[in-house]
Amino acid sequence: MDKVYSPAEIEQRLYQRWESAGYFVPRLSQHSFCIMIPPPNVTGTLHMGHAFQDTIMDALTRRHRMQGEATLWQPGTDHAGIATQMVVERVLNAAGQRRTDMTREAFVERVWAWKEQSGGTIARQLRRLGASVDWSRERFTLDPGLSQAVTEAFVRLHEQGLIYRGERLVNWDPVLRTALSDLEVLSEEEDGHLWYVRYPLSDAEGHVVVATTRPETMLGDAAVAVNGEDPRYRHLVGRHVLLPLAERTLPIIADSYVDPGFGSGCLKITPAHDFNDYAIGQRHALPLINIFTPEARLNERAPERLRGLDRFEARARIVEELTRAGLLERVEPHKLMTPRGDRSGAVIEPYLTQQWYVRVAPLADAATAAVESGRVRFVPANWDKTFYQWMRNIQDWCISRQLWWGHRIPAWYDQQGHIYVARDEQAAQAAARARHGRDVPLQQDEDVLDTWFSSGLWPFSTLGWPAHTADLARFYPTDVLVTGFDIIFFWVARMIMLGLHFMGDVPFREVYVHGLIRDAEGQKMSKTKGNVIDPLDIIDGIDLPALLAKRTSGLMQAHLAAGIEKATRKQYPQGIPAYGTDALRFTFASLATQSRDLRFDLARVAGYRNFCNKLWNAARFVLRACDGPSSEAMAAGGTGGPAPRAVSERWIRSRLGATIGAVDAAFRDYRLDFAANALYEFTWHEFCDWYLEIAKPVLQSPQAAAAQSTRGTLLHVLETLLRLTHPLMPFITEEIWQRVAPSAGTSGESIMLAAWPDASEFPTDADAEQEMHWIMQVVLAIRQIRGEMDIAPAKRLPLLLQQASDRDLALVQQHLSLLSQLAGLGSVRALRLGEAPPPAAAAMVGELTLLVPMSGLIEPQSELRRLERRVEKIEQELARARGKLANDHFVRNAPPEVVAQERQRLADFERTRHGLARHIAQVRVLASV
RNA sequence: GGGUGCUUAGCUCAGUUGGUAGAGCGUCGCCUUUACACGGCGAAUGUCGGGGGUUCGAGUCCCUCAGCACCCACCA
């Protein structure tokens, strides 16, 4: 084994072996475990958030697989309608072409070609991350099977009256020229204006003033509304005004929606271009006057001179004309919430169109009930509140999109406009024939479905639905969904609704909601911010020029490049070193706290890369120590051999058991940060820092049985630790395990298929832990003196024991060589009764006083300072403990064991202080000489 | 307007039913100790955002204020 762990050499080799050996395919077992991957966009690449999420899922999957369950992690990708279509259109535009220049079929072909070209990236990335997904079941939302599921779901929902087609206002993206669902619209506060416009009364002198943020829509006004209670305007209700710039009169109506306190108290009503106005228009039977084309230009309903103007040009023109006509009373600056499309960024227009909708209310009720009753459990639990809040106010879901890339809606129209929703064209034709008595020409709906419609079926469509497959029976409901809170509404809620509806059961029993990965400064990672890191660049490393090129090329806003380059040069002057997959994965695990924002800092990856190296070298040590012909004897020692085990062996086994328990609990609670910490702590600070050091002299000792027993323990503990660590760090654990397992008496093709560690095999050994605690206290106390006095580590120190109890003496006797080795002692001797101690540095362990004679090594002054610092601390603790025990209320009300514990603490502190005080007095005399 | 979080060491964060405030990174000493310098040993560092309350006892529970972040929502 090399001195330094080199992930690059082993990771890809091991993954290929796992994959080709079929280890990712679920085995047969009574119990099953299943996770569905949230399918990423097929044309995208995995970012840090994906890598984080995939690490979590892989860790869960690997642990369950080791527990012997039939484990499936289902992979796949999403066609991501709008996002993908936009990407391909951008490519076309760059080549001087436009989507509208080609046929739909030609365009869709281009998208498929793009998908084939880029589709392998995600799979490649997943493999590099070590994701143990079952590639043989990989799915894509536009696969024939999944498309059939989409059609089936649509047709059934339609038959059940849960899908309908209707004409109403939708969120219209005039740039993409498609409808969007409510969720795809993001509102943000922007600076705007409030224009106060005079609408003259039609039958008398005077006018009313309406306040509007969108003067251009006045051409579509159908009324002016006032609050019926408003004394200023009450008398005008029923009269009419003349709509400026248009040759129309509008009624003045009363509606309680109008807030007399806002603006002028008069509201222009434009039912075809505002959601509120639409509702008011419905109440008052007002006409819908659509003044826009799908591109949001003024249409033929506008006066001729304004036709064809873009909505923002139209606004300027109309304000200008109103000003010229003296109808603009004033303009105020005004902050308003502007709705924008989440993909295009275009200002969304409420627009009157025919669209398909899912009637959500009945589905939402069932979904809410499923969460309330605990059939679906959110982790952390409080996400259910977010879920409920959305579910309570849910509106019908607009599922049709005026795009070309996606699942074509299974609806056909005859020339009279009758609709035939059917599983295929033949079935539609049959329905048409039934109506008309003959075949008639049918035209399929041009629209496609919202991407999230097919994603919503993912937990069962991937398993073969609508067929009744064995996989469905085996894996549905799945066990856990691992996802970010950003798609609870888009995806989680819809899977629950559709799963309950079509499968009659929840799609997953638990939803583990993790935080979102941000950069080291807490900024969201994005291309425009230039702070994106490709997970593979952390694994393989990347030099600065390549990193700069990646971050500054293909920017939508080229002017950002300079700033990004500067920041990148500053942050990564040397580029990024190669850290390997396991270090990255362990970092992700350690980040998996319950916080919402998770800051990703490369310094942590470096720390865990070091941890990998630590584990690697510990293994190197163990293998070297156990190298030899008698490996069978060692194995026997490891699995309950004959010799009574040394206390250190009993201790490390007990600690391992505790660690297994902690890791098990952490996995059950989805606290991978706890799991990572427990593994780190045990591996580094117990196994390496203490046990390996303890083992060294034993291995050299002439007592063959003790050495042999130690070898067995080293192997057994390491082998178990590797299995325990494998879900988080699959590669390094496999690489080491392959070398360690045979000597440890374990066999198997792969650690992946080895049994998950059993804590009961390593029960708590309280005696051993206590005894080791004493040893460690003594060692630490002497090391502290050495460290604080700057005594060279190689210098062997004499140690005198004062006031040693029988137990102390027995322990010293028993562990003399151990103590000498760990603390660097030259000699150890107990003071005789009445023997005057020489000038010495002192430390206390319980009642025992440890003395290290100064004899030229230690300056009395510095020892004095050291002792005084310690006493000061103890005095503080003493004061607190005394105060507590002096408090009558505490002694009377606190539980007896707490009071007893406090008394014990007080006694310990007093003894220690007393001992130290005595030495201070002595040292002070020396110091003053 | 409604809702949800967050505020603990220089930085990033843990802190499980209230009972001695922790880790990693960084910092400062000493060390080429035969697994590891991607290392070893030792050290320093906190008004747990402010205020109030409950309690024998509060980082933890309640109230309140401040700051930050996010989500939902139809005030023109």
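Labels below follow one simple rule: chain letters A, B, ... track the order of the sequence lines, proteins then strands, and each chain is numbered from 1.
- B:U16: no Watson-Crick or G-U partner with both key distances under 3.5 Å is found in any strand.
- Listed pair A:Thr593 / B:C13 fails the phosphate criterion, with no side-chain N or O lying under 4.0 Å from OP1 or OP2.
- Between A:Asn617 and the phosphate of B:C38, there is no side-chain N or O to OP1/OP2 separation shorter than 4.0 Å.
- Using a cutoff of 4.0 Å between basic side-chain nitrogens and carboxylate oxygens, A:Glu329 and A:Arg198 are scored as salt-bridged.
- Atom C1' of B:U27 sits at a distance of 39 Å from the matching atom of B:U64, rounded to the whole Å.
- For the P atom pair drawn from B:C74 and B:G5, the interatomic distance equals 23 Å after rounding to whole Å.
- Within 4.0 Å of A:Cys612, counting heavy atoms only, lies no atom of the nucleic acid at all.
- When the C1' atom of B:C41 is taken as reference, atom CG of A:Leu819 falls 17 Å away, rounded to whole Å.
- When the P atom is compared between B:A23 and B:U4, the two are found 34 Å apart, to the nearest whole Å.
- When distances run from any side-chain atom of A:Lys385 to the nucleotides B:C70, B:G5, B:U33, the shortest one goes to B:G5.
- In this structure, the nucleotide among B:C56, B:U4, B:C75 sitting nearest to the side chain of A:Arg596 is B:U4.
- Using a 4.0 Å cut-off, no side-chain N or O of A:Trp690 falls inside it from OP1 or OP2 of B:G40.
- A salt bridge is defined here as a Lys NZ or Arg NE, NH1 or NH2 lying under 4.0 Å from an Asp or Glu carboxylate O, and A:Glu788 with A:Arg783 fails to meet this definition.
- Across all strands shown, B:A76 forms no Watson-Crick or G-U wobble pair with both key distances under 3.5 Å.
- The side-chain tip of A:Arg671 points at the ring of A:Phe674 from less than 6.0 angstrom away and within 45° of straight on.
- Remark: A:Arg865 does not engage A:Glu868 in a salt bridge, criterion side-chain N to carboxylate O under 4.0 Å.
- Checked for salt-bridge contact, A:Asp230 and A:Arg232 meet the test: a charged N lies under 4.0 Å from a carboxylate O.
- Taken to the nearest 0.5 Å, the OG1 atom of A:Thr386 stands 12.5 Å off from the CE atom of A:Met391.
- The nucleotide whose nearest atom lies closest to any side-chain atom of A:Glu693 is, among B:C36, B:A69, B:G40, B:C36.
- Per the geometry, CG belonging to A:Leu672 stands 22 Å off P belonging to B:A23, to the nearest Å.
- Across the strands present, B:U4 finds its partner in B:A69; the criterion is a Watson-Crick or G-U wobble pair with both atom distances under 3.5 angstrom.
- Between A:Asp597 atom CG and B:A14 atom C1' the separation is 17 Å, expressed in whole Å.
- For A:Tyr680 and A:Tyr608, the gap between ring centers is short of 6.0 Å.
- What separates CG of A:Asp342 from C1' of B:C72 is a distance of 16 Å, to the nearest Å.
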What does the list of N/O pairs under 3.5 Å between the protein and nucleotides 44-46 of chain B look like, with a distance for each?
unit_1, atom_1, unit_2, atom_2, d
B:A44, OP1, A:Lys873, NZ, 3.2

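- Within the nucleic acid shown, A:Trp195 has no heavy atom closer than 4.0 Å to any nucleic acid atom.
- Searching all strands for a Watson-Crick or G-U wobble partner of B:A58 with both distances below 3.5 Å returns nothing.
- Spacing of P atoms, B:U60 relative to B:G15, comes out at 14 Å, to the nearest Å.
- Considering only side-chain N and O atoms, A:Arg214 lies nowhere under 4.0 angstrom from the phosphate OP1 or OP2 of B:C75.
- Of the candidates B:A14, B:C72, B:U20, the closest approach to any side-chain atom of A:Phe674 belongs to B:A14.
- Not one side-chain nitrogen or oxygen of A:His685 sits closer than 4.0 Å to the OP1 or OP2 atom of B:C41.
- The shortest distance between the side-chain N/O atoms of A:Arg880 and the OP1/OP2 oxygens of B:A21 is below 4.0 Å.
- Close to B:G2, at under 4.0 Å from its OP1 or OP2, lies no side-chain N or O of A:Gln389.
- Across all strands, A:Arg671 comes closer than 4.0 Å only to sugar-phosphate atoms, never to a base (heavy-atom distances).
- Between A:Lys3 and B:A37 there is a side-chain polar atom (N or O) within less than 4.0 angstrom of OP1 or OP2.
- At least one side-chain nitrogen or oxygen of A:Arg620 sits closer than 4.0 Å to the OP1 or OP2 atom of B:C36.
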Could you go through nucleotides 6-12 of chain B and list every protein N or O atom that sits under 3.5 Å from one of its N or O atoms, giving the distance for each pair?
unit_1, atom_1, unit_2, atom_2, d
B:U12, OP1, A:Arg599, NH1, 3.2

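- Ion pair A:Glu875/A:Lys873 not flagged as a salt bridge, since none of the NZ, NE, NH1 or NH2 atoms sits closer than 4.0 Å to an Asp/Glu carboxylate oxygen.
- Salt bridge status for A:Arg905 with A:Glu910: absent, with no side-chain N to carboxylate O gap under 4.0 Å.
- Atom pair A:Gln876:CD and B:U47:P shows a separation of 14 Å (rounding to whole Å applied).
- Across every strand in view, B:U34 sits unpaired, with no contact that passes the Watson-Crick or G-U test at under 3.5 angstrom.
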With side chain to side chain contact (heavy atoms under 4.5 Å, CB included) as the test, would you mind laying out the steps for A:His514 and A:Tyr670 before giving the verdict? CA-CA 9 Å; A:His514 61 245; A:Tyr670 299 101; over 6 Å; no
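- With a 6.0 Å cutoff to the six-membered ring centre and a 45° limit on the axis angle, A:Arg330 counts as a cation-pi contact of A:Tyr196.
- The separation between A:Met391 atom CE and B:G2 atom P is 24 Å, rounded to whole Å.
- Taking side-chain N and O atoms only, A:Arg783 has a distance below 4.0 Å to OP1 or OP2 of B:G42.
- For A:Phe489, taking side-chain heavy atoms from C-beta onward, the closest of the listed nucleotides B:G29, B:C71, B:C75 is B:C71.
- Contact annotation for A:Thr386: no contact, since no heavy-atom pair falls under 4.0 Å across all strands.
- Rounded to whole Å, the C1' atom of B:A9 lies 15 Å from the corresponding atom of B:G49.
- Taking 4.0 angstrom as the limit, A:Lys884 places none of its side-chain polar atoms (N or O) nearer than this to OP1 or OP2 of B:G57.
- The only option from A:His193, A:His273, A:Glu349 that meets the side chain to side chain donor-acceptor pair (under 3.5 Å) definition with A:Arg214 turns out to be A:Glu349.
- With a cut-off of 3.5 Å on both Watson-Crick or G-U wobble distances, the partner of B:A43 is given as B:U27.
- On the C1' atoms, B:C6 is 15 Å away from B:A14, given to the nearest whole Å.
- Residue contacts shown for A:Ala894 include a base, since a base heavy atom lies under 4.0 Å away.
- Separating the P atom of B:G52 from that of B:G3 is a span of 28 Å, rounded to the nearest Å.
- Taking atom P on both B:G50 and B:G46, the two are 15 Å apart, rounded to the nearest angstrom.
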A:Phe52 and A:Leu516: side chain to side chain contact (heavy atoms under 4.5 Å, CB included), yes or no, with the steps? CA-CA 9 Å; A:Phe52 171 59; A:Leu516 267 32; over 6 Å; no
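- Ion pairing between a basic and an acidic side chain is recognised when a charged N comes within 4.0 Å of a carboxylate O; A:Arg283 and A:Asp255 show such pairing.
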